[in-house]
Novice: 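Please read through the structure below; I'll follow up with questions.
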Amino acid sequence: MWWLLAAQASDITVPGTVSDLTAALALAVDGDRILLGPGSHTDANLRIEHAITIEGAGQGTTTLYGGAGATVVDIAVPGVVLRDLTVDGGGVKRGLVTLVGSDLRAERVTVMNATPPSGTSPGGGLGIFEGSAAILVDVRIENANGQATGGGIFLSDGTLDATGLVILNASAVDGGGIHVATAGSAVVSDLFIGGATATNKGGGIRVLGTLDLTDATLVGTSCPRGAGIDVEGTATLNRVWIEGASGNNEGSAIRVHTNAGQLVATNLFTCESTGAPAIDATSSAGLVAVSQWLSIRDGDTALRLRTGNNDVRNATIIGASTGANLSGGGDLRDSVVVNALTGATRGGASVVEGNLFDAAPPNGSVSGPPINDIGPSGLVGDTSTCATALFAYPTLSVVDLGLSGVLDVDGSTGDRGHLGGPELDIDFFGADADGDGALVHIDCDDLDPTRSPFVPDVACNGIDEDCDGADGVPAFVTHWADDDGDGYGNPEAPTSLCSDAPGFVDNDLDCDDSDASIDPDTAWYADTDADGYGDPASLLVSCLQPGGYVANDLDCDDTSDAVSPLALETCNGIDDDCDGLPDDSATGTALWWPDSDLDGFGDPQGASLDACSPGPGWSLEATDCDDGDASVSPAAVERCATPGVDDDCNGLVDLDDSGVDDAITVWADGDGDGWGAGDGEMACVVGPAQAGVDGDCDDGDASVSPGSDEVCNGEDDDCDGAIDDDDDDLDLSTAELQYPDADGDGFGGEPGVWSCGSLPDHVAEGGDCDDGDPSVNPDGTEVWYNDVDEDCDGNDRDQDNDGYALLSDCDDTDPSISPDAVDVPDNGIDEDCDGADAEGDGARIGNGCGCNGGGGIGPFAWLAALLLRRRRPVPWDIADRRDSRGA
C-alpha cells in the first residue's frame, strides 16, 4: 500500500516549497516526496516517521548531516525511500538506522565517515534493528566504523536485500564490512568489499544468522579469524572471489566455526590469502561443502578440515605449501593440487580419492590408506600472480571503483565484478574442451563428454566411462534371482550375468524369495504373551523368524494377552486396544450427568455423557434439583434455616417435608409472657402470640409463668403447684421474719421464721435471751451481780462498763476508776486501783484499802462480793446479744 501512496506522492521541494529540511519533515505525510537541492542539509533530529521519499535533485551532491542524535537518519516506519543522496556522519555519528518494524529502500546512496558514539548500538554505516528490513540498490559505504560490530552494515534481527553494494575501508571488532547477527537474514549480490578490517572475527563479513552471497569480491580484508568471511551461522556462496585476505589465527579467506557453522560454496576463488589456511573448518561438528574452488598461492595451507562432516570437490589448488590438511577428517575428491610441497595430509576418517597431486614429494605426504591419484602427471605449477590469473564474471556490470593493483578485462583498474582477463592459464584451470564439467586434469578424455569422473560406468562394454581405469564390473559375475523383488537374492538360484538384469541381484541373502516382506533386514519383535502382537522394545533383525517373535511391534503390553490391537476396550483404566487412549469407546460405559457443584448428584437438565469415568464434575445420579448449590441434593437434610428451598430434592419444602431436621414446637402465648399453654404445634420459627416453651398455668396473666418469682400474694406465681409459704422458691423479700415467743413477753427467741402471714405464738421482735422467763428480755431491768442477764445485753458484772467486773474494779460505779485508769497524783483518789495515790508518800488511804476516807466498801461488802462470785460465775464481758430481726 505504501508503494501506491508513493506513486501518488505530493512533492515538497527544498528550497522551494519550504526553506529547509526541518520544515519539510514537519509538513510531509505518508506518500509525499521531499526533493532536496544540492548542498548540505541538516536537522536536529532527523527521524523519519512517515512513509516518504527523500531524493537528491538537481546537479551536484546532496548531503544529509545529523543533528544532536547518535545517528544521521533514524527510520521509524515502513515505506521510507532514500535516493541519490550522500549521508555524512562526520566521523562522530552512525549513518542510517532502521528501528522497530520499519523498513528502508536506498537507491544510489553513499554513506561516509560513519562512526557511532562510544556505547551506542553497533553498525557504522547502516544498522538494521528489531525486525526491520532494508533493500539496498547501488549503495556505497566508505570509512565506516561500527565500534563493536558491523563496520559497514550491522544486521540484527531483520532482513537485508542488497544489489550492487560497495563497502570500502570499514572496521569493527567483529564483522568489519558486514555483520549478520543470529536472527538476521541477508541476500546480497554484486558486492565489493575493499580494505575492511576486524580485530576479532570476520574482517570482510561475519555470519551468525544466514547469508546468501552471489557475485562478490573481497580484496585486502584482514582479521585474526576469518579475515575474508567468518561463518558461525549459515552461508551460501556462489561466484565469490577473495583476494589478499590477511589472518594470523584461523581462516585467512573463510573460517567456519562452532557446531552451527555451515558453508555451502560453488565457484569459489581465493588468491594470496596469508597467515592462516585459506579455508579453515575449526569446529568438530560444522559443515563445509565446497565445489569448483580455485585457490592460487593461498598461505601455507590452502584447506584445513577438522571434521568428517566436510566435503570439498572439484578444487584446483595452486602454489600452496600444503594443499589440504585433513587432520580431523573430511573428504577431498576429484581435485587438483599443483606446485605444493605437500599434496595432502589426513586423519584416518578422511576420504581422499579421484585427485591429482603434482607435488613434491611425489603424490604428497599422506597418512592413512593410499590416495587414488588420477590424470596426467608432470604438470608444472602456475607462477602467475593474482593480477595475471584473474578472469571476469560474465554476468557482472563494469563499474570503475578507482582502485589500483587489480587488472580487469576492460584495461582499467579496480572494476567491481571484473577480476582479470581471459588470459588465465588454461593448463591449470578452466580447460574443459568437451564441456562435461570435468577439468582437463581429471578428465581421462576431454574430447568425449560421455567420459569423465562424473559419468556412471557402463559395465561390460569395454569402455572406462568414469575414468577409474577399469570397465565397470568384471564380465559375467554371479547374480541371484530375486523373485519377490525385495532386493535380496535367492541363494538357491544363482546365475552368471555381465551386469544387473531385471529379476536378479548381486547378493544371495534372501531366506524366503516368495515373500517380499521377509529379508535380512526384517524386524521381528518378541510376543511374550502369544497374542500375535510384538513388543516394540524387543527388536531383533533376522531373515528367519525367531521362535516367539512376530513381524509387528503393535503390542502396548506384552505381558497380558488381554491387551492388543484386537482387544475390546473396557472400562478399566487400561489401553486395552493399544490405540494410546485408555477407556475410549469402551464397553461397560454408563450415563454420566454434569455435577457442577461437586455434591455427588448430577443435573438431570444438563447434557449427559456416555463414558467410563469422566472424573470430577460428573455423577451417575441425575437427581440434583439445584446443581449450583452443593448444600442442595438428595443427600441433604431439609432445613427451616433455608426457607423456601427444597434442600433434599424430594419436592417438599420446609414443614411440608416430614424430614425437616430443625423444626421447633411452639405453644399459644395469650398473655405475651414468653410461656405457652395448651397443645404445641410444629413450626420453623416462633410466630406472634406464640412461645417456644410451655408450662404457663395462667395464660391470661403475664405475671404468672414458670419464669416468674413466687411472691406472697396467695397465687401460684411460678406455676410449680405450690403457693406462698408452701413454695420453697418463695421470694423472701415479700415475706416477714417472725420469732417464737414462748414466755409471752413480746420478744421472740432465735431462730426466726419467714412467713407470708402471722404465725401463732410468734412476734416480730427477736432478741429474747431466755424465752422461758418473761422478766428477761431486751426491755428487762438489770439486777447487778446476780448472775442473771435481765436485759439480755450480756453484762451482769461490770456496772460501770469500764471493762472490769466487781472483783477487779475498786469502784464499779465509776468508769474512771479501774486497773487501766491513769492515777492523778496527790488528789487523794486511787484511780488505778493499786492501793495508793500516785506521787504521794505511799501512805495507805483511809483504812488501808486504797480508797479515800471511809469511801471503801468495808469488810462486809468484800465478803458479800466474794460470796456472790462463788454462787455462779458469769463473765463480765459477755457481748450484747444482737437482735436477729432482719438477719
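Quick note: numbers below take in every heavy atom, side chains included, and nothing from hydrogens, waters or symmetry partners.
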Novice: Compare all side-chain heavy atoms of N238 with those of L213 and state whether any distance is below 4.5 angstrom.
Specialist: no

Novice: Side chain to side chain contact (heavy atoms under 4.5 Å, CB included) with Q262: which of T236, N309, L287?
Specialist: L287

Novice: Check E232 with R255, please: is the shortest side-chain N to carboxylate O separation under 4.0 Å?
Specialist: yes

Novice: Going by side chain to side chain contact (heavy atoms under 4.5 Å, CB included), L165 matches just one of I153, D190, D138, I193. Which one?
Specialist: I153

Novice: With rounding to the nearest 0.5 angstrom, report the CD1 to CG distance, I317 to L303.
Specialist: 6.0 Å

Novice: Does a side-chain N-to-carboxylate-O contact under 4.0 Å join R239 and D215?
Specialist: yes

Novice: Do the side chain of Q147 and the main chain of P116 share a donor and acceptor less than 3.5 angstrom apart?
Specialist: yes

Novice: Would a 4.5 Å heavy-atom cut-off, applied to side chains only, mark D311 and R333 as touching?
Specialist: yes

Novice: F129 and V97: side-chain contact (heavy atoms from CB on, under 4.5 Å), yes or no, with the steps?
Specialist: CA-CA 7 Å; F129 297 97; V97 166; 3.7 Å; yes

Novice: About how many Å separate CG of L294 and OG1 of T316, when rounded to the nearest 0.5 Å?
Specialist: 6.0 Å

Novice: Please check if any side-chain donor atom of T270 sits under 3.5 Å from a side-chain acceptor atom of W293, or the reverse.
Specialist: yes

Novice: State, to 0.1 Å, how close P456 and E465 come at their nearest heavy-atom pair, and which atoms those are.
Specialist: O-CB, 3.6 Å

Novice: Any side-chain heavy atom of V240 sitting closer than 4.5 Å to one from T217?
Specialist: no

Novice: Evaluate the criterion side-chain contact (heavy atoms from CB on, under 4.5 Å) for residue pair L191 and I205; output intermediate values, then yes/no.
Specialist: CA-CA 11 Å; L191 167 70; I205 302 174; 4.0 Å; yes

Novice: Quick one: do D174 and R206 make a salt bridge, cutoff under 4.0 Å?
Specialist: yes

Novice: Classify the side-chain pair T214/S189 by whether it contains a donor and acceptor separated by less than 3.5 Å.
Specialist: no

Novice: Hey, is the main chain of A281 close enough, under 3.5 Å, to the side chain of R304 for a donor-acceptor pair?
Specialist: no

Novice: Heavy atoms, side chains only, cut-off 4.5 Å: are V180 and L208 in contact?
Specialist: no

Novice: For G152 and A170, work out which heavy atoms get closest and say how close.
Specialist: N-CB, 3.6 Å

Novice: If you compare all heavy atoms of A172 against all heavy atoms of G150, which two are closest, and at what distance to 0.1 Å?
Specialist: CB-N, 3.8 Å

Novice: A side-chain contact here means heavy atoms from C-beta on lying under 4.5 Å apart; do I135 and D103 qualify?
Specialist: no

Novice: Where do C223 and G202 come nearest, in terms of heavy atoms and distance?
Specialist: SG-N, 3.5 Å

Novice: Do the side chain of S252 and the main chain of S246 share a donor and acceptor less than 3.5 angstrom apart?
Specialist: no

Novice: Could you walk me through whether V288 and I254 pass side-chain contact (heavy atoms from CB on, under 4.5 Å), step by step?
Specialist: CA-CA 10 Å; V288 173; I254 299 175; over 6 Å; no

Novice: Are any of the side-chain heavy atoms of M112 and N143 separated by less than 4.5 Å?
Specialist: no

Novice: With a 3.5 Å distance limit and no angle check, can you tell me whether S102 reaches the backbone of I75 through a side-chain donor-acceptor pair?
Specialist: yes

Novice: Under 3.5 Å, side chain of N145 to main-chain N/O of T115, donor-acceptor pair present?
Specialist: no

Novice: Is there a side-chain contact (heavy atoms from CB on, under 4.5 Å) between T221 and T197? Walk through the geometry before answering.
Specialist: CA-CA 6 Å; T221 58; T197 64; over 6 Å; no

Novice: Using 0.5 Å steps for rounding, measure from the CG atom of L160 to the CG atom of L136.
Specialist: 5.5 Å

Novice: So, the side chain of S335 versus the backbone of A315: is there a donor-acceptor pair under 3.5 Å, distance only?
Specialist: yes

Novice: With rounding to the nearest 0.5 angstrom, report the OG1 to CG distance, T282 to L305.
Specialist: 11.0 Å

Novice: Should the pair H179 and F154 be assigned to parallel (<30°), tilted (30 to 60°) or perpendicular (>60°) ring geometry?
Specialist: parallel

Novice: Using a strict cut-off of less than 4.0 Å between a Lys/Arg side-chain nitrogen and an Asp/Glu carboxylate oxygen, indicate whether E272 and R297 qualify as a salt bridge.
Specialist: yes

Novice: List in chain and number order the residues that pass side chain to side chain donor-acceptor pair (under 3.5 Å) with R83, two or more places apart in sequence or in another chain; answer none if no residue qualifies.
Specialist: E55, E107

Novice: In sequence, state the C-alpha distance, the side-chain angles, and the governing distance for D448 and T450, and then conclude on side chain to side chain donor-acceptor pair (under 3.5 Å).
Specialist: CA-CA 5 Å; D448 186 352; T450 65; 2.6 Å; yes

Novice: Once side chain to side chain donor-acceptor pair (under 3.5 Å) is applied, do any residues pair with T210, and if so which ones, sequence neighbours excluded?
Specialist: S185

Novice: Could you tell me whether D300 atom CG has more than 12 heavy atoms of other residues or ligands within 6.0 Å of it?
Specialist: no

Novice: With a 4.5 Å heavy-atom cut-off, do F192 and L218 have their side chains touching?
Specialist: no

Novice: Quick one: closest heavy-atom pair of P78 and G101, and the distance?
Specialist: CG-O, 3.4 Å

Novice: Find the distance between CG (L332) and CG (N314) and round it off to the nearest 0.5 Å.
Specialist: 10.0 Å

Novice: Got a salt bridge between R225 and D230, using NZ or NE/NH1/NH2 to carboxylate O under 4.0 Å?
Specialist: no

Novice: So, D298 side chain and S273 main chain: donor-acceptor pair closer than 3.5 Å or not?
Specialist: yes

Novice: To check you understand the geometry: which heavy-atom pair defines the closest contact between G176 and A198, and what is its length?
Specialist: N-CB, 3.9 Å

Novice: Distance-only, no hydrogens or angles: does the D157 side chain make a donor-acceptor pair with backbone N or O of G131 under 3.5 Å?
Specialist: yes

Novice: Any side-chain heavy-atom pair from L96 and V111 closer than 4.5 angstrom?
Specialist: yes

Novice: Please name the residue in the list D519, D521, N507 that meets the side chain to side chain donor-acceptor pair (under 3.5 Å) test with Y488.
Specialist: D521

Novice: To the nearest 0.5 angstrom, please state how far the OG1 atom of T159 sits from the CD1 atom of I128.
Specialist: 7.5 Å

